[in-house]
Protein chains: 2
Amino acid sequence: MNALDDVIESFSRLPGVGKKSAARIAHYLLRSDRSLCERIARDISVLHDRIHPCRVCGAYTEDDLCPVCADPGRDQRIICVVEQPQDVQTIEAVREYNGLFHVLGGVIAPLEGIGPDQLRLSELVVRVRTGGVGEVILATNPTIEGDTTALYIQRILKDMEVTVTRLASGLPVGGDLEYADRLTLARSFRGRSSF
Amino acid sequence: MNALDDVIESFSRLPGVGKKSAARIAHYLLRSDRSLCERIARDISVLHDRIHPCRVCGAYTEDDLCPVCADPGRDQRIICVVEQPQDVQTIEAVREYNGLFHVLGGVIAPLEGIGPDQLRLSELVVRVRTGGVGEVILATNPTIEGDTTALYIQRILKDMEVTVTRLASGLPVGGDLEYADRLTLARSFRGRSSF
């Protein structure tokens, strides 16, 4: 194992990077100016020191509050509940939603030993109970775990004065019936809307 | 721009890593133990200090000679000429070849301003002239530039007492005639062999 193999090994541990991609990246780094390596190394090494969860919503931020929670222009009456911090960035990129977020930090997954207690659920209940929240949008993924978690949250919030909604699930826009999987197609029937 | 965006920006500069993959990697690093970040940062930062071209063949190594050149068990009479250092690793992984290598460091590409002088060609001539070399295998890529470079080297070595060969080019094993491109199919006709 030399230093080149070390870098290949390191990169191939990252999600979506196989052994061949890792080798390609490592050789690219060697061909590039060393300042690129220095920059990447510095960026990675300060990551954990600088970034932490937002005190309110749990999204990643460098400050006490994340940019969304700190923005008085956001609609404080709506909370969108997501699984992971990166889901906040995904939704923000669409520029469709102007409310607040709440990051669960995962989903209920009994097989992986993740129960409701490991998620940021009590924090959500406190936020709703504090008042001023009219709607909670459940934006967990349309998977078994995501659906289960959404159902669980819906039950928790049932007796509180808040509307609980779930993101629409069905055929992707631009998709083709022929290539839709059975579950998606079935769900698009159940969720059909009138013209 | 916060530290998370910096990491995403850094990673998205790497080959084969788009913005979405970079975001996925950055969030993975944040979720993982910080020792992973420390390890990757260290591996990347020492890369340029530790790795340099082999004195003889130009492949990447930590030592004066690369493992292939330093191995007395390799067939010293054959030199396989490749474009880039990573090509050595690709060929080594197949375990089909037991000779030596010579890395050109690129191909002749007039449009990019790369002429024969920028390649490690004089080093190759010196190695062949020094004697003991019976065959030079040209293993540049089967592209216009790779073919041009192979032809150029063949002409340089023409008057020297050495057999010059080129890697076979044609239909990939397990491939399908239907999906072969015209150039590959044409070349597989020209290079056909008798049963």
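In the text below, chain A, chain B and the rest are named by the order of the sequence lines, each starting its count at 1.
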Residue pair [X] / [Y], side-chain heavy-atom distance below 4.5 Å:
X	Y	value
B:Glu9	A:Arg39	yes
B:Met160	B:Val133	no
B:Thr140	B:Arg166	yes
B:Asp6	B:Asn2	no
B:Val82	B:Leu104	no
B:Gln89	B:Tyr60	no
A:Ile114	A:Gln118	yes
B:Asp87	B:Phe101	no

ask   = Can you say whether A:Thr90 sits under 4.5 Å from chain B via the side chain, the backbone, both, or neither, judging by heavy atoms?
value = neither
inquiry  = Taking side chain as everything from C-beta outward and backbone as N, CA, C, O, which of these in A:Glu38 sits under 4.5 Å from a heavy atom of chain B? Side chain, backbone, both or neither.
reply    = neither
task = Output, in order, the C-alpha distance, side-chain angles, deciding distance and verdict of side chain to side chain donor-acceptor pair (under 3.5 Å) for B:Ser35 and B:Asp33.
result = CA-CA 5 Å; B:Ser35 64; B:Asp33 193 79; 2.8 Å; yes
message = What residues of residues 145-154 of chain B make heavy-atom contacts with chain A at a cutoff under 4.5 angstrom?
response = none
request  = May I ask you to name which of A:Leu47, A:Ile40, A:Leu36 has the most heavy-atom pairs under 4.5 Å with chain B?
outcome  = A:Leu47
ask   = Of all of A:Asp49, A:Ile44, A:Asp63, A:Thr61, which one pairs up most often with chain B through heavy atoms under 4.5 Å apart?
value = A:Ile44
note = In short, B:Val103 meets B:Arg120 closest at the heavy-atom pair O-NH1, 2.8 Å
ask   = Of all heavy-atom pairs between B:Gly58 and B:Pro85, which one has the smallest distance, and what is that distance?
value = O-CG, 4.3 Å
task = List, by chain and then residue number, the residues other than B:Val46 in its hydrophobic cluster (Ile/Leu/Val/Met/Phe/Trp/Tyr, side-chain heavy atoms under 4.5 Å); write none if there are no others.
result = none
remark   = Among residues 12-31 of chain A, those lying within the under-4.5 Å heavy-atom range of chain B are A:Arg13, A:Leu14, A:Pro15, A:Gly16, A:Val17, A:Arg24, A:Ile25, A:Ala26, A:His27, A:Tyr28, A:Leu29, A:Leu30, A:Arg31
key: Residues from residues 65-79 of chain A approaching chain B under 4.5 Å (heavy atoms)   = none
Shared hydrophobic cluster, B:Leu138 / B:Leu119 (ILVMFWY, side-chain heavy atoms < 4.5 Å) = yes
query = Is B:Val136 reachable from B:Val125 through a run of I, L, V, M, F, W or Y residues, each pair having side-chain heavy atoms under 4.5 Å apart?
reply = yes
ask   = Between A:Val81 and A:Ile137, does a side chain to side chain contact (heavy atoms under 4.5 Å, CB included) hold up when you go through it step by step?
value = CA-CA 6 Å; A:Val81 177; A:Ile137 303 173; over 6 Å; no
